Amino acid sequence: MDKKLYITTAIPYVNGTPHIGNALDYLLADIWTRYQKQNGHDVRFQVGTDEHGNKIAAKAAEAGLDPKSYTDQTYLNFEKLMKKVGAGYTDFVRTTDPHHIQSVQYIWQQLQPYIYKGNYEGWYCVGCESFVSDKEATANNGVCPDHNQPYQRLSEANYYFKTSAFTDKVREAIETNQMQIVPEFRKKEFLELMKDGLQDVSISRPKKNLSWGIPVPGDPTQVMYVWLDALANYITILGYPDQPAWKEYWPADVQIIGKDILRFHAGLWPSMLFGLGLELPKKLLVHGHINVGNTKMSKTIGNIVDPNQVIDEYGLDAFRYYFSRHIPTLDDGDFTWEKFENSYNTELANDLGNVIRRVSSMLTRYQAGVIGEAPQGEHDMGAYHAAMENLEFNRAIDEVWLMVKSLNQYIENVKPWEIAKNVAKDAEAAAHLAEVLAYSVGALLQIGDLLVPFLPATADNIHKTFETGVIVASEAVLFPRIYKHTTDPNAPKA
RNA sequence: CGCGGGGUGGAGCAGUCUGGUUAGCUCGGAUGGCUCAUAACCAUCAGGUCGCAGGUUCAAAUCCUGCCCCCGCAACCA
């Protein structure tokens, strides 16, 4: 009944500004959380920031700050975005939190049996003070573009985590859906990727190169490499290992990640958990990326869409609507201002906003706002709930819009305005009208229920307006039409 | 022969696993209706060789074979 559930989001690296992909993470997790809470579950919803690593240290130095002071400022940008998309998270982890640091060091010690010392060899740029991948080195013809000097072949001492030891267990967990990767094609993709086995992962760096990180227990010359540190957040924030409450929420029910970080969450992370003797998360929800006009979003192209701007110009629910319905939950999606505005005007304004207004207006006009007893909405919600369970949120919303459409059709068929003409002289007509309007309100209230996870403010508005049996004075128009990026078809011609 | 996803009316998609009514939905277009409503809503119509070529079958968008095209990924990216 009130089962305890746990959902997590990826923790972004705080050296940049938050982007739309981060917003998508928070939104999806929030939708799931609101849905589960509506169904009576107790949900913990984690968010956080990843704050270690040499890139942070470098950025901080540029700004003339020590790394911690720097991240104390930048993590706020992410917190602001989480709040802005309405994410009702319960736990915020920063990898620089003392508890997280202690806990990660504990984890390191627990994983000792699977940690060994080795050498990492690769292309190194002295200017960057970091290694680059072979791919990147090749792409740059062996010369660092930032420092204009050739990469050197270097090798350094590292600790390695024996991920390879867990290959079979991880594969089995994925194949049997003990840890279910959603959607299915991502699961296939990853199984294919690991078919030759998991490769051991370097999990530390010499301190001289990377001084901003969690110290390796028992070896002052090394600090931990970020992934071990970052992935651990999902359990450290629950209080692992010292606060027993963590056991009530782990394993996570859903971990939300982008497709770009699937391999870390499907390979390294389960290996860590096996090494610790912990259960694996039940599901990994892998969402896609958001393109702009079918082109990748990139700073170079300059087509970055700022989620803040969308929310500022159209409102929070409008943002949540587009990104939950028109960006498929489990695949890549496309955003353009034209598409966004078009769906806002036709679907939110013309369909939803308008039908709410026409019902409340008729009630006010014909019955002085008195609704009476609204019957239970009778639309079959099976498809909606199935879609929610399958983590296909976009399909769930589609169902809601079918209801909006059928309500409009119903109103058109029974023509309350015709019935209203006879009310004065015909008691039967009055009863009929009341019944029709009450039925419409019942449908709207049901729509409101289904919108709770997606458009909290709108759902709240619907409930407040209709649930008391008397219309609560309607204020401003819901979703007024906006023409900033598209043409108003009704605009007078110049 | 690296792996995966996809190619369905102008646009975006569903349907393909478990072949079978006139291939469905949303947006856009045209026409008509209505007037309660945010010039919103409702109805009807136009528009599709279901990537190409073969094959299996009474019957294929759906199964099989070959080919073409587009898009991701290809491991330390935090």
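Letters go in sequence order (proteins before strands), and every chain restarts at 1. All of these numbers come straight from a predicted model, not from anything done at the bench.
Using atom P as the reference point in both B:U57 and B:C52, the two lie 23 Å apart (nearest Å). With both ends at atom C1', the span from B:A14 to B:C50 equals 12 Å, rounded to whole Å. On the C1' atoms, B:C36 is 25 Å away from B:U26, given to the nearest whole Å. Going from the P atom of B:A30 to that of B:A74 covers 46 Å, rounded to whole Å. Using C1' as the reference atom, B:C73 and B:C17 are 25 Å apart when rounded to the nearest Å. B:C34 and B:A40: their C1' atoms are spaced 12 Å apart (whole Å). Rounded to whole Å, the separation between the P atoms of B:G10 and B:G51 comes to 14 Å. Rounded to whole Å, the separation between the C1' atoms of B:G48 and B:G9 comes to 4 Å.
When rounded to the nearest whole Å, the span between CG of A:Leu191 and C1' of B:G2 equals 17 Å. Rounded to a whole Å, the CZ atom of A:Arg186 is 8 Å from the C1' atom of B:G5. A:Phe335 has its CZ atom 16 Å from the C1' atom of B:G12, to the nearest Å. In this structure, the NE2 atom of A:His326 is 10 Å from the P atom of B:C27, given to the nearest Å. In this structure, the NE2 atom of A:His265 is 14 Å from the C1' atom of B:C76, given to the nearest Å. Computed from coordinates, the A:Leu330 CG to B:G4 P distance equals 20 Å when rounded to whole Å. Distance CZ (A:Arg358) to P (B:A40): 13 Å, rounded to an integer number of Å. One interatomic measurement links the two molecules: CD of A:Glu412 to P of B:G32, which rounds to 17 Å at whole-angstrom precision.
An OP1 or OP2 oxygen of B:C36 is reached within less than 4.0 angstrom by no side-chain nitrogen or oxygen of A:Lys421. The side chain of A:Arg357 places no N or O atom within less than 4.0 Å of a non-bridging phosphate oxygen (OP1 or OP2) of B:C41. Between A:Lys405 and B:U26 there is a side-chain N or O to OP1 or OP2 distance below 4.0 Å.
Under 4.0 Å is where a charged nitrogen must lie from a carboxylate oxygen, and between A:Arg358 and A:Glu412 at least one such pair does. A salt bridge is absent between A:Lys59 and A:Glu62: the closest approach of a Lys/Arg side-chain nitrogen to an acidic carboxylate oxygen does not fall below 4.0 angstrom. Ionic pairing of A:Arg395 and A:Asp398 is not present here: no N-O contact between side-chain nitrogen and carboxylate oxygen is shorter than 4.0 angstrom. Salt bridge status for A:Lys68 with A:Glu51: absent, with no side-chain N to carboxylate O gap under 4.0 Å.
Residue A:Lys55 has its side chain nearest to B:A78 when only B:C42, B:G4, B:A78 are considered. Residue A:Ala230 places its side chain closer to B:A78 than to any other of B:A78, B:C36, B:G28. Among the nucleotides B:C41, B:G28, B:U35, the one closest to the side chain of A:Asp351 is B:C41. Of the listed nucleotides (B:G5, B:A40, B:C34), B:C34 has the atom at the smallest distance from the side chain of A:Trp417. With distances taken from any side-chain atom of A:Asp50 to the nucleotides B:A78, B:A37, B:U26, the minimum falls on B:A78. Ranking B:U35, B:A37, B:C3 by closeness to the A:Glu418 side chain, first place goes to B:U35. The nucleotide whose nearest atom lies closest to any side-chain atom of A:Lys259 is, among B:G72, B:G5, B:A37, B:G72.
Just one of A:Trp337, A:Tyr344, A:Phe335, A:Phe454 meets the ring pair (Phe, Tyr, Trp, His ring centres under 6.0 Å) condition when paired with A:Tyr322; it is A:Phe335.
Note on A:Arg395: only backbone sugar-phosphate atoms sit closer than 4.0 angstrom, heavy atoms only; bases stay farther off. Within the nucleic acid shown, A:Asn342 comes within 4.0 Å of sugar-phosphate atoms alone, with no base atom in reach, counting heavy atoms only.
Between A:Tyr321 and A:His326, the ring-plane angle classifies as perpendicular under the 30° and 60° cut-offs.
A 3.5 Å limit on both hydrogen-bonding distances identifies B:A53 as the Watson-Crick or G-U partner of B:U65. Taking a pair to require two hydrogen-bonding distances under 3.5 Å in either a Watson-Crick or a G-U wobble arrangement, B:U16 remains unpaired.
To the nearest 0.5 Å, atom CG of residue A:Asp229 and atom CG of residue A:Asn233 are 8.5 Å apart.
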